[in-house]
Amino acid sequence: MKFTKEMRSQFSHPFNLLAVCILFVGACVTKEKPLPIFGERELVGTDTVYHRIAPFQFVDQDSALVSNTTFQDKIYVADFFFTSCRTICPIMKTQMVRVYEATKEMPDVLLLSHTIDPEYDTVALLHDFAERLGVESKRWHFVTGSKDSIYKIAQTSYFATAMEDKSEPDGFIHSGAFLLIDKKGRIRGKYDGTKEEEVNRLIVDIKRLRSTNGI
Amino acid sequence: MRKAILVWIAVVGIANLFVGIHGCGSSGNRDTKFQQYYAQGQQLYEQHCSNCHQKDGRGLGLVYPPLAQSDYMDKDLDHVLCLMKYGLSGEIVVNGKAFNKEMKGVFSLTDLEVAEIATYIYNNWERDQGIIDISDVTKAHQKCDN
């Protein structure tokens, strides 16, 4: 939209300007700002193309293939962890269980936890872990795959840190981030999964995202 | 200025009142030692244990067993004093439910620190076992089988 001469003359009158301001304030009060879209964007013709999660294919705790199509038309929350981790993962899992409970009645919301220690975290082990948490596989996928593909998707698609580091107490460094992904595969929020208040914000944002059909 | 002085007097007065209540409520050295163990134990608990067992001691599902309301803990204090330092693996049954995830011990804990954590977890969550002393830990650690 361009400023035309007429518009400029409209704004020039102080009362009109005031009216416009009130209108804007009113709009803000009645309608919430949409969630931000993370990552780089490109302008292709007149369309803006946003960063999306790259295609992936992993195996979950039931040995089922999990890929982008699993999350087609779904909102999901992703994180990176490993079952033998004693530092931040137990807190993250406690918080993710809260997200799981909070989204129980939302069939279009799924959870995706990637192990960053696929050598140790086999399908059988992930199955046992999920079962012990008491969560359903169809709503919360615990996935494993090749180490490279997991680290790569963490870093390039989810902007999350995940790598091996023998100097760390458990042998890995990784962020405790929870990422909120919309129905188009775009990142709409990043939260510290070790902090209760941040996860409260995530739960609110999931509801906000649903109110705009998940896009 | 006058107002500020009045506020100051009120603050000091209230503070004194608190000190007075607590000071009179405790009965000498034994309790001071208990308080120190308990407070220190809470800090150590939050540093080494609560990630998994949770701050409220309720654990997580069947992954991490609870400490608050745990027949396993009530059954054998010496065993618990050992596993904090030396760890535990294999299946255990807590309140009738089976858990099976290795817990690595915190080998760097001193006898005093184990005593402090034990004092905290055995006097919290409706438990009232009194102080667990260093000598209790030293004695238990001589017979650890894990």
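Only this structure's heavy atoms are used, side chains among them; waters, hydrogens and symmetry mates stay out. Quick note on labels: first sequence line is chain A, next is B, and so on, each numbered from 1. Here the structure is a predicted model, which is why all the values come from computation and not from measurement.
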### Query
Can you tell which of A:T94, A:V135, A:L133 has the highest number of heavy-atom pairs within less than 4.5 Å of chain B?
A:T94
### Task
Output the option from A:R86, A:E131, A:M92 having the highest count of non-hydrogen pairs under 4.5 Å with chain B.
A:R86
### Message
Within a 6.0 Å radius of atom CD on B:E91, are there more than 12 heavy atoms belonging to other residues, nucleotides or ligands?
### Response
yes
### Task
Take atom CD of A:Q72 as the centre, draw a 6.0 Å sphere, and report whether it contains more than 12 heavy atoms from other residues, nucleotides or ligands.
no
### Query
Is chain A contacted by the side chain of B:K101, its backbone, both, or neither, given a heavy-atom distance below 4.5 Å?
side chain
### Task
Side chain from CB out, backbone as N, CA, C, O: work out which of these in B:Q54 comes under 4.5 Å of a heavy atom of chain A, or both, or neither.
side chain
#### Entry: Per-residue contact mode, A:V97 against chain B (heavy atom under 4.5 angstrom)
side chain
### Task
Side chain from CB out, backbone as N, CA, C, O: work out which of these in A:T194 comes under 4.5 Å of a heavy atom of chain B, or both, or neither.
neither
### Residue pair A:S149 / A:F58: nearest heavy atoms and the distance that separates them
OG-CE2, 3.5 Å
## Note on the structure
Scanning both residues in full, the closest heavy-atom pair of B:Y122 with B:R127 reads O-CB, 3.3 Å
### Message
Could you tell me if A:T115 and A:D117 have a donor-acceptor pair between their side chains, going purely by distance under 3.5 Å?
### Response
no
